[in-house]
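Data first, discussion second: the structure below is written as structure tokens.
Basis for what follows: all heavy atoms, side chains included, without hydrogens, waters or symmetry-related copies.
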Amino acid sequence: MRQSNRDSILDAAIRVTNRDGIRAVTFDSVAAEAGVTRGGLVYHFQSREALIQGINDQLAAQWEAVLVGHAGKPFEQTTATERHRAYILASSHGAARAELLFLLEFAHDPALAAPWDRIIDAWAAPDPTDPDDAQAMADFIVRLASDGLWAHDYIANRRMPPAVKRRVTAALARMLGSD
């Protein structure tokens, strides 16, 4: 099978997760969703754990691509403020169920948490080391609010009205410090 089939399998696994949760991710459910045989799936993922890791890595890569898109340039060419602004904008899209489930379920597993930790450490305002640094604290509070914006629809069990989401996103972006 070609790489595109691997990606199609992962996309199918993400659809299963979004629809039915992580526990529903089995070789049979993903193969059926992807329209491949169980053997075709096993060719790329020898175990359920490998499939779960693949889903996790795919979700993290997709999220990072959204961050790069909002930054408008590669990570290496961005300033800290541009990265933090991209983080706010990406957060405004809200979490997909699969993203939220993976972050919550696997936060305690270093291998599964690693791609998310790397992205957050690179793109989000860092935890302040000096509580008296007003700008670092303000940027961190904006990050916390962005995280809340990302998870809002699941926490509140309803969608935020689009106009409200746009206003909140714009307000958070204005609150960021500059480089």
Side-chain angles (χ1 to χ4, degrees), residues 2-15 17-18 44-45 49-154 162 165-179:
R2 297 185 319 257
Q3 178 68 24
S4 61
N5 285 347
R6 183 181 191 281
D7 291 343
S8 295
I9 290 168
L10 290 171
D11 290 343
I14 291 168
R15 287 193 303 274
T17 306
N18 277 327
H44 290 286
F45 304 99
E49 292 75 25
L51 177 60
I52 293 295
Q53 183 68 56
I55 297 167
N56 189 62
D57 293 345
Q58 183 90 339
L59 287 168
Q62 289 172 352
W63 191 38
E64 190 161 33
V66 170
L67 289 161
V68 169
H70 282 296
K73 52 187 157 183
F75 172 84
E76 299 78 18
Q77 297 175 10
T78 61
T79 66
T81 300
E82 289 170 332
R83 290 190 299 275
H84 301 165
R85 184 167 281 106
Y87 187 85
I88 293 166
L89 295 172
S91 296
S92 74
H93 295 289
R97 183 178 182 203
E99 293 169 330
L100 192 60
L101 288 173
F102 269 82
L103 278 172
L104 293 175
E105 185 71 21
F106 300 121
H108 65 281
D109 181 327
L112 291 168
W116 300 99
D117 291 345
R118 181 188 58 74
I119 293 167
I120 290 169
D121 289 347
W123 289 90
D127 298 0
T129 56
D130 177 3
D132 294 324
D133 182 339
Q135 190 58 59
M137 288 296 292
D139 289 351
F140 184 64
I141 290 167
V142 168
R143 171 190 168 181
L144 294 174
S146 298
D147 291 342
L149 182 63
W150 182 75
H152 173 272
D153 293 355
Y154 287 98
K165 187 175 277 192
R166 284 191 300 276
R167 295 287 296 267
V168 168
T169 302
L172 291 172
R174 283 192 305 274
M175 291 178 193
L176 278 180
S178 59
D179 294 314

Do [X] and [Y] have side-chain heavy atoms sitting under 4.5 Å apart?
| X | Y | result |
| --- | --- | --- |
| Asp127 | Arg143 | yes |
| Phe45 | Gln53 | no |
| Leu67 | Arg83 | no |
| Pro115 | Asp57 | yes |
| Asp133 | Phe140 | no |
| Val142 | His84 | no |
| His152 | Ser92 | no |
| Leu104 | Tyr154 | no |

Where [X] and [Y] come nearest, the two heavy atoms and their spacing:
| X | Y | value |
| --- | --- | --- |
| Leu10 | Gly54 | CD2-C, 3.4 Å |
| Val68 | Pro74 | CG1-CA, 4.4 Å |
| Ala60 | Ile119 | O-CD1, 3.2 Å |
| Met137 | Pro128 | SD-CG, 3.3 Å |

[atom1]/[X] to [atom2]/[Y] distance, rounded to the nearest 0.5 angstrom?
| X | Y | atom1 | atom2 | result |
| --- | --- | --- | --- | --- |
| Thr169 | Ile88 | OG1 | CD1 | 8.0 Å |
| Leu149 | His93 | CG | NE2 | 10.0 Å |
| His44 | Leu51 | NE2 | CG | 11.5 Å |
| Trp116 | Phe102 | CH2 | CZ | 8.5 Å |
| Ile14 | Leu59 | CD1 | CG | 4.0 Å |
| Thr17 | Glu105 | OG1 | CD | 11.0 Å |

>> Please check this pair: side chain of Asp139 against backbone of Leu176, looking for a donor-acceptor N/O pair closer than 3.5 Å.
In response: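 Side chain of Asp139 to backbone of Leu176, a donor-acceptor pair under 3.5 Å: no, none is there.
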> For the side chain of Asn56 and the backbone of Leu112, is there at least one donor-acceptor N/O pair under 3.5 Å apart?
Replying inline: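 Here the side-chain-to-backbone pair exists.
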>> Test side-chain contact (heavy atoms from CB on, under 4.5 Å) on Asp153 and Lys165; report intermediate values, then the result.
In response: CA-CA 11 Å; Asp153 293 355; Lys165 187 175 277 192; 4.0 Å; yes
> Can Glu64 and Arg118 be said to form a side-chain contact (heavy atoms from CB on, under 4.5 Å), step by step?
Replying inline: CA-CA 10 Å; Glu64 190 161 33; Arg118 181 188 58 74; 2.9 Å; yes
>> Set out, in order, the CA-CA distance, both residues' side-chain angles and the distance that settles side-chain contact (heavy atoms from CB on, under 4.5 Å) for Trp63 and Ile120, then state yes or no.
In response: CA-CA 10 Å; Trp63 191 38; Ile120 290 169; 3.8 Å; yes
>> As a quick check of understanding, evaluate side-chain contact (heavy atoms from CB on, under 4.5 Å) for Ile141 and Met175, giving each step before the final call.
In response: CA-CA 9 Å; Ile141 290 167; Met175 291 178 193; over 6 Å; no
